Amino acid sequence: MKNLLKSLDYSVLQQCMHCGMCLPVCPTYAETKEERHGPRGRISLMRAIADGELEITRGFADEMYYCLGCLACTSACPAGVNYAELFETARAEVERRHVIKSTQRDFWRWSVVKVLFTRPRLLRLAGRGLWLWRVTGMQALTRALRLTYLLPRRLRELEPQAPRVGAKFSHQLIKPVEKPAQQKRRVAVLTGCVQDLAFPEINRATVDVLLANNCEVHTPPVQPCCGSLHAHNGDLESARTLARRLIDMIPPENFDAIISNAGGCGSHLRHYDHLLRDDPAYAARAVEWSEKLRDISEYLVEIDFRKPAARAVTQTVTYHESCHLCHGQKVSAQPRAVLRAIPGVELRECPEAAWCCGSAGIYNITQPVTAGRLQDRKMANLRRAHAGIITTANPGCHLQIQNGLRAEKDTVTEVAHPVVLLARAYAAEKNEAAARA
Ligand code: SF4
Ligand code: SF4
């Protein structure tokens, strides 16, 4: 069987010059101070496998799954090592070799990665089930009767962290095409999977701020997953299939920009050009797709968004950076620029804003102990900002912080996406104008 790490361009594997500048920013290295738990050690292992000096073993697989994939190492690296490609290829190789054998793991991977997250309608049905379980009181009853103790231990521990699914999904809040009073641009909005289930109001706010800036907004009602979950978990073939589906649904040639509001999805969506480079039918369109893909804050700054005049927020705000937004997409100043433009917002930085919160895709499920420690560290740093509102631009981080707050009964009033606060300010502006009229 051909080794995927071997098939990488050798220059990618050779880029690392072992300087160690990535070590202080690596959360897993900070946890253990062991070389193999840091980027330099992991890259050395990958290179030894590509050179045929080491076999793919269970130990190597565990190491690849202990890595958060947070990409903090790529921001610190002076040599420009493409760790994202190395990491995804290494995980894909681990899965192809089946070195982690477990019936339970295979079942969960198949049902979640292969079935649930490739069928958006089925995912919404599962979301509706979660919603019913909560609103009919079944969740409270199950807890009161301690029936959760009948669940396997891991599921029991995860139950309190289940996303609070809303009564409506994005397509029930957003029309497929919405037109502004004066159209200057045409854009498409990606609604995501977790965002659609847990935070559809963020998708609504994204559309609202685009309309307020003269964009005609297209939002297909049923969108496939972007494939980020699949690529990060060693299933590159499914990731390619989903990328093709999304390109067919949202042809890049029809739009000025394709907008993502989820840091983790955006980081993957930006690299469709690389993912589909060997597919003659899609390679050129994937290049155009990647060129037009923008995070919402990045796009707003790029088009010099209109600054709202009404004061809709009166609290101190702090900002937690999603790893894949700041390290994966290098979008760091723009969400802060959006926040600073909102009248009434006092943006107060927290320490280690760009340190991973432990969510990292499904890391809080696969590595609960380390994820819990990272969550504690994050919550302690956020608390140091003494802010009333915590903002972040990725649903995984959003849930992780919400769960951290719930656990501590904090005094923070809200966790919000920056565009939700901006949309609130535009709405207040409209209401004030209506009151004056
Ligand atoms: S991706 Fe994150 S956890 Fe993994 S090696 Fe890089 S900094 Fe460390
Ligand atoms: S900073 Fe870059 S070049 Fe230096 S050890 Fe880390 S990955 Fe290698």
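Just follow the structure's listing: the first ligand is 1, and inside any ligand the first atom is 1. Starting from 1, each residue takes its place in the sequence as its number. As the structure is a computational prediction, the values presented were derived from the model and not from experiment.
- No donor-acceptor pair under 3.5 Å is formed between the side chain of Ser267 and the backbone N or O of Gly264.
- If you look at Thr74 next to ligand 1, there are no close heavy atoms at all, none under 4.0 Å.
- Only the side chain of Tyr83 comes within 4.0 Å of ligand 1, judged by heavy-atom distances.
- The closest donor-acceptor contact from the side chain of Lys378 to the backbone of Glu352 lies under 3.5 Å.
- Heavy-atom proximity to Leu71, at under 4.0 Å, picks out these atoms of ligand 1: 1 (S), 2 (Fe).
- Here the side chain of Asp295 pairs no donor or acceptor atom with the backbone of Asn261 at under 3.5 angstrom.
- Ligand 1 places these atoms under 4.0 Å from at least one heavy atom of Gly69: 1 (S), 4 (Fe).
- Residue-level proximity to ligand 2 for Pro39 is absent, since no heavy atom of it falls below 4.0 angstrom.
- Close approach of ligand 2 to Cys19 (heavy-atom distance below 4.0 Å) involves ligand atoms 1 (S), 3 (S), 4 (Fe), 5 (S).
- Here the protein heavy atom with the shortest distance to atom 4 (Fe) of ligand 1 is Cys67 SG, 2.3 Å.
- Scanning the protein heavy atoms around atom 8 (Fe) of ligand 2, the nearest turns out to be Cys16 SG, 2.4 Å.
- Closest protein heavy atom to atom 2 (Fe) of ligand 1: Cys70 SG, 2.3 Å.
- Of the protein's non-hydrogen atoms, Leu68 N, 3.4 Å is the one closest to atom 3 (S) of ligand 1.
- Of all the atoms in ligand 2, the ones that sit under 4.0 Å from a non-hydrogen atom of Ile43 are 7 (S).
- Residues Arg109 and Glu95 are paired through a salt bridge, judged by an N-O separation under 4.0 Å between the basic side chain and the carboxylate.
- Of all atoms in ligand 2, listed by their number and element, those nearer than 4.0 Å to a heavy atom of Cys77 are 1 (S), 2 (Fe), 3 (S), 7 (S).
- Remark: ligand 2 atoms within the under-4.0 Å shell around heavy atoms of Gly20 are 4 (Fe), 5 (S).
- Close approach of ligand 2 to Pro78 is summarised as follows: ligand atoms under 4.0 Å from at least one heavy atom of the residue are 1 (S).
- Between Lys114 and Asp106 there is no salt bridge, since no side-chain N of the basic residue sits under 4.0 Å from a carboxylate O of the acidic one.
- Using a cut-off of 2.8 Å, one finds that Cys22 contributes no N/O/S atom close to atom 8 (Fe) of ligand 2.
- Looking at Glu88 and Arg91, no side-chain N of the basic residue comes within less than 4.0 Å of a carboxylate O on the acidic one, giving no salt bridge.
- Counting only N and O atoms by type, the side chains of Ser332 and Glu321 include a donor and acceptor under 3.5 Å apart.
- With respect to Glu201 and Arg204, no salt bridge is recorded, no charged nitrogen being found less than 4.0 Å from a carboxylate O.
- The aromatic rings of His171 and Phe169 sit parallel to each other, their planes meeting at less than 30°, with 60° as the upper class boundary.
- Counting backbone and side-chain atoms alike, Cys73 contributes an N/O/S atom closer than 2.8 Å to atom 6 (Fe) of ligand 1.
- Checking side-chain atoms of Gln329 against main-chain N and O of Gly263 turns up a donor-acceptor pair under 3.5 Å.
- Per-residue contacts place Met17 under 4.0 angstrom from the following atoms of ligand 2 (heavy atoms of the residue considered): 3 (S), 8 (Fe).
- Both tests pass for Arg105 against the ring of Tyr65: distance under 6.0 Å to the centre and angle within 45° of the axis.
- Atom 5 (S) of ligand 1 has Arg42 NH1, 3.1 Å as its closest protein atom, hydrogens excluded (heavy atom only).
- Across Leu229 and Ile362, no two heavy atoms sit closer than the pair CD1-CG2, 4.0 Å.
- Atoms of ligand 1 lying under 4.0 Å from at least one heavy atom of Thr28, given by number and element, are 3 (S), 8 (Fe).
- Each of the following atoms of ligand 2 lies closer than 4.0 Å to a heavy atom of His18: 5 (S), 8 (Fe).
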